[in-house]
Amino acid sequence: MHTRAPYTRPTVQRLSQGPVNPFRHGASPACSEIDGVTVADLVKQHGSPLFVYSENTLRSLYRNAHRAFTRRYEDVQFAWSYKTNHLNAICRVFHQEGSIAEVVSGFEYEKARHNGIPGNQIIFNGPHKEKADLERAISEGAMIQVDNMDELLVLADMAKGRREALPIALRVHISTGGHVVWSKFGFNGDDGEVQQIIRRIIAIPQLRLIGLHTHIGTFILDPEWYQIATRKLVGLALEAEAMGAGPITYLNLGGGFASMARLHYQYLPPEQVTPAVDRYAEAICDTITGMWPANRPLPRLYLETGRALVDDAGYLIASVVAVKRKSIHDPLQAALVAYGKNSAPLVAHGSQNALVLDAGINLLYTTTWYQPRIFPVKPCLDAPVPTTVYGCLCMNIDVIREEAPLPNLNTGDQVVIHPVGAYNQTQSMQFITYRPAAVLVGQDKRVHLIRKRENLEYVQGMEVLPAHLSGS
Amino acid sequence: MASTLSDLMLNDRGFAFDPASGETFQLSTTGLRLVRLLQQGMKPEEAVGYLVGEFEVDENTAWRDATEFLRALEQLGWISA
Ligand SMILES: Cc1ncc(COP(=O)(O)O)c(C=O)c1O
């Protein structure tokens, strides 16, 4: 008996873009394993959808970034940004590598302490810090980055009666000329506000300014912006010292380095756009060493890099639950209709593949900014064609990617979405379905469950039924 | 103006040229197989039978997909409804 060939759907696709390539038939890049563990095994053990993290990638991204900085600067300390991914297993990988913690709330502070990080190795950031959280942070020696005047006054009050002045840092927002200033956070470093606050701090004997912090934004693709920001931050530090604030012992340049994700408007692939960490390191370190007075020890440099350390280590496996065709219209005609230049009904110009996955955008917050790559799990001989990938939510906006290049897939096939390691765990919401499990593939290829799939008990655990509604 | 199916020029990799409109198309492996069978004058039901015999697919799925595919060929004007 002869064996049958693997099946893919019969389709016909008009070749309208790019040079005609009759040989495109033949290869769709696939992702059938993650760090040597087959996707099929992962799904068999842990179900679909499933978040998968590579311990190997986490550690190598960290080491690569750390090396880029320590090669150029002696006193560098990374602080893991809990908001980027707060799964304890992930945080602990970074802590094992030598990272301290950067937190922006009482919740994250508790999580870092729970992960064994002492208070004096926690950078406490954020625009809202509860009084009780500040009290704990002070008593445990955390590095408080003051965001606003109200917080400063609360701290001045809390520090009354201390034997030694309370060390603090100021968060500053800075214009680099290139990006929208994140003026929500901290004090203005361009219009004299910071200097005014520093004067105020000098006048409060129980406070002592020892550091300056800035986080210029996220997914910054131009390292030069760090050079500008660092120049301004160092300028402010030297000015503070000249004003009599005492020695500034650390500078904190926040996060913001880009990962290998691709933004929606981004034409070129990340391999050509995302700068190497070395370029950020060079912009920051060379600026500090070039400006700092030669007769003084360099300040410690803190970095709160988030997405660049975790994004590429995260994958989401999902399954195709339905295949569809979606009509598409002639782009010129559609544009004329949109501008009211054509009242004729839009005629379908053709159709394109569409699929529904068992995971929705409630798990993939970063699809707001990114076009994630979506790989078939099974290697496929068909050429990839533009495919609309829908999530499983009952919402029209639940589109994971408008046009992913994918071969013809069938119901039951699996796909791997990448990179999804940053912000999707922490910003995902439970909506309609249970959120999936997460596993960590260890360096020895052992697969560790690091977050269980949710269940009814978990989701309802915080609900309370009033007595008159609780009878069955 | 589109050609009829028998006028289409195909290569073994599924690349199709429509000489009437001058447009080019890419057929998937099974799409190419179906077009070739239809070009030989085979009826759709028969052609789907070949798909099921040659590829790992059950009859229902093959029918569903082939129906959509035939609709796409109609839309292109290669076959008539
Ligand atoms: C204060 C602070 N530090 C660090 C980060 C991490 O940023 P990224 O993931 O862009 O590196 C953020 C993110 O918003 C932040 O607000």
Side-chain angles (χ1 to χ4, degrees), chain A residues 1-28 320-331 346-355 376 378-387 405-413, chain B residues 2-3 5 8-18 20-39 42 44 47-79 81:
Chain A
M1 220 198 93
H2 77 282
T3 51
R4 298 191 299 168
Y7 174 76
T8 55
R9 280 182 298 149
T11 56
V12 56
Q13 191 71 34
R14 184 183 261 111
L15 299 174
S16 52
Q17 281 171 344
V20 173
N21 168 15
F23 301 107
R24 64 173 72 188
H25 190 92
S28 289
V320 177
V321 293
V323 293
K324 299 189 168 187
R325 294 288 296 172
K326 165 186 163 185
S327 333
I328 49 173
H329 303 110
D330 175 38
L346 273 176
V347 183
H349 178 68
S351 56
Q352 87 174 27
N353 281 355
L355 356 134
K378 272 196 269 183
C380 177
L381 284 182
D382 273 3
V385 292
T387 304
L406 280 170
N408 299 305
L409 296 177
N410 298 312
T411 305
D413 283 346
Chain B
S3 308
L5 208 57
L8 277 189
M9 295 161 76
L10 301 171
N11 80 359
D12 290 344
R13 294 175 176 272
F15 178 70
F17 176 67
D18 178 341
S21 68
E23 291 187 290
T24 51
F25 298 85
Q26 177 69 52
L27 292 154
S28 64
T29 318
T30 47
L32 175 65
R33 184 74 182 124
L34 280 178
V35 168
R36 288 228 155 113
L37 292 169
L38 296 171
Q39 278 184 332
M42 203 174 273
V48 172
Y50 271 83
L51 275 197
V52 177
E54 294 169 9
F55 294 92
E56 292 163 355
V57 63
D58 64 88
E59 204 166 322
N60 287 340
T61 309
W63 254 116
R64 180 198 65 191
D65 294 348
T67 311
E68 283 180 355
F69 181 66
L70 293 172
R71 251 201 341 255
L73 300 190
E74 272 168 37
Q75 241 171 32
L76 292 169
W78 292 349
I79 56 172

**OP:** Against chain A, work out which of B/A62, B/G53, B/A16 has the most heavy-atom pairs shorter than 4.5 Å and name it.
**Re:** B/G53
Subject >> Contacts of type side-chain hydrogen bond (donor to acceptor under 3.5 Å, both in side chains), residue B/E68, not counting sequence neighbours >> reply: none
Original post:
Which answer fits B/R33, side chain, backbone, both or neither, if we ask what part of it has an atom under 4.5 Å from a heavy atom of chain A?
Top reply: neither
Subject >> chain B contact via A/V323 - side chain, backbone, both or neither, heavy atoms under 4.5 Å >> reply: side chain
**OP:** Measure the OG1-CD distance between A/T387 and A/Q13 for me, rounded to the nearest 0.5 Å.
**Re:** 8.0 Å
Original post:
Top residue by heavy-atom pair count (under 4.5 Å) with chain B, among A/P6, A/A5, A/P407, A/P10?
Top reply: A/P10
Original post:
Under the criterion side chain to side chain contact (heavy atoms under 4.5 Å, CB included), which of B/L5, B/I79, B/T30 is the partner of B/V35?
Top reply: B/L5
Subject >> Nearest non-hydrogen partners of A/D413 and A/N410, listed with the distance >> reply: OD2-N, 2.8 Å
